[in-house]
Structure formats: C-alpha cells, structure tokens
Amino acid sequence: MKVDGKHFRSIWRERDGWSVGAIDQRRLPHEFIVAKLTSCEDAAVAIRDMLVRGAPLIGATAAYGMALAMREDASDAGLKRAYETLVVARPTAINLKWALDEMRAALAPIDPLERAEAAYARADEIVEQDVEINRGIAGNGLKLIEAIAAKKPGEVVNVLTHCNAGWLATVDWGTATAPIYLAHERGIKVHVWVDETRPRNQGASLTAWELGHHGVPHTVIPDNTGGHLMQHGMVDLAIVGTDRVAANGDVCNKIGTYLKALAAHDNGVPFYVALPSPTIDFAVHDGIRDIPIEQRSGVEVTDMTGRTADGRLETVRIVPEGSPVANYAFDVTPARLVTGLITERGVLKPDRASLAGAFPERIAAAVG
Ligand SMILES: CSC[C@H]1O[C@H](OP(=O)(O)O)[C@H](O)[C@@H]1O
C-alpha cells in the first residue's frame, strides 16, 4: 500500500534477482529500515525475531527462504535442511508450513540443478497469489462496510481491529485492513479503532503507522477500551486477522482477540475474521484444543521501546525485577463468537461445511 503516496510491499525480490528485501517491522514506527535477506538462515531469523511477521508474510518469507537455500545447497539434503530450519521459526501461523509444503512439492521432484530457479519462480507465485487473494478479501469485505454505511448515510463507519492484519502482515493490502483500504479508496467514510495490542504493540506501532501513511482516519486505543466502545455503540463492526483457522471454524489470532469477540458478542457487534485460504488448517479439528500457542520471551512484556523527546530510541523496563512473566502470543476464539470469515471466495460461516465447500482443494491437501 501507499506510504506518503509511494507504493510499497512488505517483501520483494531485489533487482539482483536473488536477494530479498523486507521492511524491518521491529523498527517501525520510528524508523523505516529495509533489511536484506541473503540466506536461508537470514529468513528463518527474520521470522523468529519478527523482523517480518503476520501469517501470510511469514509464509512468503519462508518461500523466499527456501529459494535462498537452493542457491546454497540444492541437494535433497539441502532441501530437507532448509525445510526443517524454516518450519520451526514460529509455531502458530499455519501459513509457514503451508508455504514450505508448497515449495517442497515444487522442488523435490525436479533435478537439483533446476531447483534454485524453480524455487524463486514458485516463491514469486506465492507472493503474487497473496496480493491477489487479499484483493479478493477486500472486495468481499467491502460489501459488509457498504451495508453498514447504507444504514447510516453520511455517517462514519467505525471498525475495530486488533493487532496488525494490515499490508505489513501480508505482501500487500492486508487481510483485515483490505476492506478498509478499499472502502477508503471508494470514498466511504471509515474510521478505525486500533487496539494497541500489548505486548508488542503491533496495532500502535504498525497498524496506526500504515493507516496514517495511507490517509485512513483512525484512533489508537488501549487494549482494554474496546468493550466500553462497543457498549456505547461506537463500533459498527470488528474485523481482525488470523494465524490459523481450524476446520471447525475456531480462529487463532493475536492474544486478546478472544476477549474482543466476547465483548462483541455481548453487545451485538458483528465480529468478522479476514483470512486467505492458506490460513485454513483442515488438519486441525478443534482450534482451542489443537492449535499450538506460541509463548514468547517475557522481555516483550517487561520492556518497552520508544522514542525520547530528543529523538533517541530507548528501551525501559516496566515490570519489577524478579516478577515472573507469561507471554502467550495468541489465543483461540471459538467459532460461535465469529459472525463470518471474510475470504477471497466470499464471506463464509465459521463451520467445516462452509470452509470445505468453498475450498475443497484445501481439504484434499490436508488429507494428503
Ligand atoms: C494477516 S495475519 C496477521 C496476524 O499475525 C499477527 O501475529 P504476529 O504479529 O505475532 O505475527 C496477528 O495475530 C495478526 O492478526
């Protein structure tokens, strides 16, 4: 999407034809730094350390990581090592394994001498597919925003979102933000309540940054504010992203999503989840029971990094030394709290029949 009028994607193949550029999202919103990935290990570390993050972007980065690996060692052993290095970078977003399975399926059957070129070609396809899918999500989600706008002509449609499921979480457009960007571009008055999303503040640091640079009206709110806004009719609908949707429609997303879904349910606020089909995991039948929840370092909770008045970046501790910390990075919202799943093939009910009906090929892939 646009950054002050100039179009950007979150990841790209560099002009040299082999290295990979990516926005270092750990530095936003204070610094716009582009990182250059030149090895499979670089890609794995970028995912693990959240230089890149967001389920679809994690998948795209892993795909290019496999291509970088094939430059290094295109043997069967090299392919196996690359897969095993990348697949453990983060455990929750299914897009990581999906992308690696796609790459392995394309590379394993062919001559190792052809693997590097084929890997970049397949990774490019995955990248372009993500953009195309997100455009589809934008169009399908737009109808929801238009329907609300029609009921309140001339007034603003207020959307609440959690974490960052924006263009920074994908290659472009985003998932939850895709309908918002399209509505904004179509002249619909839209405003976004942006959950800061502790502890890494992807909302405050990333969603606010991208919406602001694209000109979309928004307000950053503490995570605990959403329920109050919903109680007072200040939220027309919630749209969030997801890192994995189970076959039963349960939705795994950034920690705190479940609480927002409960508040939305209690206040009759439509709660939508936007996702590309690679985020559906038909191999998981009960999201709450079966989806692995990443636990990250407690430092993400105890420390905060910000910019001082004189422009220096500083990290400070906000938790007493010695206080134990728990840092669950995701939670699972049961399907019963989800109004609908905004996909590239339409807005679906959060249940197995609807998911299987819309994406039969994903069922086949899961069965294997
Ligand atoms: C479009 S997927 C975005 C999804 O990924 C985020 O997690 P993280 O920032 O830890 O990669 C969050 O769950 C978002 O909803």
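For clarity, every value in this text was computed on a predicted model and none was experimentally measured. In listed order, ligands and their atoms are each counted from 1.
Proximity of a side-chain donor or acceptor of S323 to a complementary backbone N or O of V319 within less than 3.5 Å is not detected. With hydrogens and angles ignored, the 3.5 Å screen pairs no side-chain donor or acceptor of S354 with any backbone N or O of P350. In this structure a side-chain-to-backbone donor-acceptor pair under 3.5 Å is missing from K254 to T242.
By the 3.5 Å distance cut-off applied to N or O atoms, H162 is not counted among the residues near ligand 1.
The ligand atoms of ligand 1 that sit less than 4.0 angstrom from a heavy atom of R90 are 8 (P), 10 (O), 11 (O). Of all the atoms in ligand 1, the ones that sit under 4.0 Å from a non-hydrogen atom of R53 are 6 (C), 9 (O), 11 (O). Near P56, with a cut-off below 4.0 Å to any heavy atom, the atoms of ligand 1 are 1 (C), 2 (S).
Checking T197, T257, D243, I47 against atom 13 (O) of ligand 1, the nearest heavy atom belongs to D243.
Counting heavy atoms closer than 4.0 Å to ligand 1, residue A329 contributes nothing at all. The part of T242 lying near ligand 1 is the backbone, judged by heavy-atom distances below 4.0 Å. Only the side chain of Q202 comes within 4.0 Å of ligand 1, judged by heavy-atom distances.
Residue contacts with ligand 1: E294 is excluded, as none of its non-hydrogen atoms falls under 4.0 Å. Every heavy atom of R200 sits 4.0 Å or more from the atoms of ligand 1.
Looking at atom 15 (O) of ligand 1, its nearest protein heavy atom turns out to be N253 OD1, 2.5 Å. Protein heavy atom at the shortest distance from atom 12 (C) of ligand 1 is C163 SG, 3.4 Å. Among protein heavy atoms, atom 1 (C) of ligand 1 sits closest to T175 OG1, 3.3 Å. Of all protein heavy atoms, the one closest to atom 2 (S) of ligand 1 is A55 N, 3.3 Å. Atom 3 (C) of ligand 1 has N164 O, 3.4 Å as its closest protein atom, hydrogens excluded (heavy atom only).
Ring planes of F8 and W167: parallel class, angle under 30° (limits at 30 and 60°). Below 30°, between 30° and 60°, or above 60°: for W209 and F32 the angle between ring planes is below 30°, a parallel geometry. A perpendicular orientation is assigned to the rings of W193 and H191, their planes being inclined by more than 60° (bins at 30° and 60°).
In this structure, I11 and V20 have side chains that are in contact, with non-hydrogen atoms separated by less than 4.5 Å.
Taking Ile, Leu, Val, Met, Phe, Trp and Tyr as members and joining any whose side-chain heavy atoms lie under 4.5 Å apart, directly or through other members, V156 forms no hydrophobic cluster with any other residue.
Remark: R13 engages D124 in a salt bridge (charged side-chain N to carboxylate O under 4.0 Å, His left out) (not counting sequence neighbours).
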Working for side-chain contact (heavy atoms from CB on, under 4.5 Å), residues L168 and L57: CA-CA 8 Å; L168 286 169; L57 179 56; over 6 Å; no

